Amino acid sequence: TVMTGLGVALGAAAVVATVTLVSTIRFQVSDQFDARRATQIELRTRSGDTGAAWMPTGFPPDSTTVERVKGLSGVEGVAVVRETREQLSAAINQVLDPTMTPAQTKIYGLNADALDLLELDLFGPGWTEWHDRTGQRVAVLSSATASQLGAPDIQVGDRIHLEGETFTVAGLLNGSPRLPGLAGGILIPLGSVDRFELDTDRDRVIVVTAAGAAQQLATVLPIAFSPNMPDGWIAYAPQDDATLRLAVDDHLQTYALAFAGMPMLAFVAGLAAYAATLGAALRLGGASLSMTHFVIEAEAEEVTPPEPQLR
């Protein structure tokens, strides 16, 4: 029937569409895996042999050092990230209800280049190198953090209070793909964060590189940051982990087969129904043909006797 044929056609189309969709997702995931994981080097100051203190390396690196590193072939940018040791109080109103527990959140200090380099999904102007250099009190926060402050509808230009100090909202954060943890805190300029107690163990520099340059750059970056004391830095370079890539591909291949299985079953069922319908039609056609042949033979046997002739 027409409906059976239509079902078979739709089933086949569903199989092709599902396999194509999953294959597309597979390649997109693989591309994202390469783009972020293989082009990012994290550098930290290295602890001394006693493990009691961090070796002095001049953190954060000054603008001259950052520009020298940015001038290296294959380096696309340098992000400097610092964070507070503890979660600090944050509020919308300066005068708080004594019975109300203030919100607590981590505060991160970033240089201006980090806003674009770390691919922050940001609504608003953020800040510039001038805000860094002069320690301006501006801040970027996510909608989740704003909800914790009791202000889900906060806008760029509004004010918040961090440990009693007033900051102007310069942007709203929707996501941070390279450093997801940033979305759970409040971001302020690097030159403003040292007013709070910092966790120096968490000081780090993120160097984003061109594709294929990370492994080689990881060996020279400590020297570029500290020519006189390169041992004070340790670079964590991405590894070309073929096993992990194969695992990702295998999982996606499994999902492709699973997703394709359902429309495939529908396709097979439709095909079986179509075959059954066609077989029934052929059998019915054969029976009709046999009946017609029987009728013709019967009519042929019914011979009319000749009429008697008069002599």
Side-chain angles (χ1 to χ4, degrees), residues 36-37 39-63 65-66 69 75 77-90 103-120 122 126-127 131-133 135 137-142 144-145 148 160 162-163 165 167 171 173 175-209 214 217-218 221-222 224-226 229-239:
R36 293 199 175 100
R37 185 176 182 274
T39 60
Q40 180 172 307
I41 303 172
E42 181 172 316
L43 292 100
R44 295 177 184 264
T45 51
R46 187 197 298 267
S47 63
D49 293 337
T50 61
W54 293 94
M55 296 177 65
T57 56
F59 199 96
D62 56 32
S63 58
T65 301
V66 171
V69 173
V75 172
V78 178
V80 183
V81 183
R82 309 193 78 181
E83 64 184 79
T84 56
R85 183 176 298 277
E86 305 290 343
Q87 291 188 338
L88 304 181
S89 64
Q104 300 288 318
T105 184
K106 274 289 186 79
I107 298 176
Y108 298 90
L110 281 73
N111 61 329
D113 288 346
L115 300 181
D116 290 330
L117 192 66
L118 298 180
E119 303 176 13
L120 302 185
L122 186 65
W127 55 79
H131 294 87
D132 276 341
R133 188 176 66 254
R137 291 183 295 182
V138 294
V140 166
L141 67 162
S142 66
T145 303
Q148 291 179 4
I160 60 175
L162 306 177
E163 291 289 298
E165 296 195 47
F167 285 72
L173 183 63
S176 175
R178 284 192 180 269
L179 288 181
L182 297 180
I186 295 178
L187 316 182
I188 63 176
L190 187 64
S192 304
V193 75
D194 56 4
R195 68 184 69 236
F196 306 116
E197 183 181 2
L198 299 175
D199 184 356
T200 55
D201 291 356
R202 298 287 296 168
D203 286 344
R204 58 198 184 275
V205 175
I206 306 297
V207 177
V208 176
T209 73
L217 281 170
L221 283 175
F225 273 104
S226 183
M229 194 179 292
D231 291 341
W233 290 85
I234 182 170
Y236 298 92
Q239 296 181 353

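What you see is a predicted model, and the numbers here were worked out from it, not measured in a lab. These numbers come from the heavy atoms of this one structure, side chains and all, not from hydrogens, waters or symmetry mates.
In this structure, the side chains of L115 and W127 come closer than 4.5 Å at one or more pairs of heavy atoms. Residues Y108 and L179 are not in side-chain contact: their nearest non-hydrogen atoms beyond the backbone lie 4.5 Å or more apart. A heavy-atom distance below 4.5 Å is found between the side chains of F196 and I188. Using a 4.5 Å cut-off on side-chain heavy atoms (C-beta onward), L110 and V140 make no contact. Residues V78 and D113 are not in side-chain contact: their nearest non-hydrogen atoms beyond the backbone lie 4.5 Å or more apart. Within the 4.5 Å cutoff, no side-chain heavy atoms of V207 are placed close to those of L217. Taking the side chain as every heavy atom from C-beta outward, V138 and P189 approach each other to under 4.5 Å. Contact of the L187 side chain with the L120 side chain is registered, since non-hydrogen atoms from C-beta on lie closer than 4.5 Å.
The shortest non-hydrogen separation linking G185 to T105 is CA-OG1, 3.4 Å. Closest heavy-atom contact between R137 and S192: N-OG, 4.3 Å. The two residues A79 and A114 have their closest heavy-atom pair at CB-CB, 3.5 Å. In terms of heavy-atom proximity, A214 sits nearest to P238 at CB-CG, 3.7 Å. Between Y236 and R44, the shortest heavy-atom contact is CE1-CD, 4.1 Å. Between I41 and A235 the shortest heavy-atom distance is CG2-CB, 4.1 Å.
Distance CD/E197 to OG1/T84: 9.0 Å, rounded to 0.5 Å. For the atom pair K106 NZ and R202 CZ, the distance stands at 7.0 Å (nearest 0.5 Å). In this structure, OG1 in T45 is found 11.5 Å from CZ in F225, a value given to the nearest 0.5 Å. Put simply, CG on L182 and CG on L173 are 7.5 Å apart, with the number rounded to the nearest 0.5 Å. Atom CG of L162 sits about 4.5 Å away from atom CD1 of I107, to the nearest 0.5 Å.
At distances below 3.5 Å, not a single donor-acceptor pair connects side-chain atoms of R82 with backbone N or O atoms of L190. No donor-acceptor pair closer than 3.5 Å links the side chain of D199 to the backbone N or O of E83.
Dense packing is recorded around CD of E163, with more than 12 heavy atoms of other residues, nucleotides or ligands lying under 6.0 Å away.
Classification of R178 and E42 as a salt-bridged pair fails, no side-chain N sitting under 4.0 Å from a carboxylate O.
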> Can you check side-chain contact (heavy atoms from CB on, under 4.5 Å) on I186 and T145, steps first, answer last?
Replying inline: CA-CA 7 Å; I186 295 178; T145 303; 3.8 Å; yes
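Judged by distance alone, the side chains of T200 and D203 never bring a donor and an acceptor atom under 3.5 Å apart.
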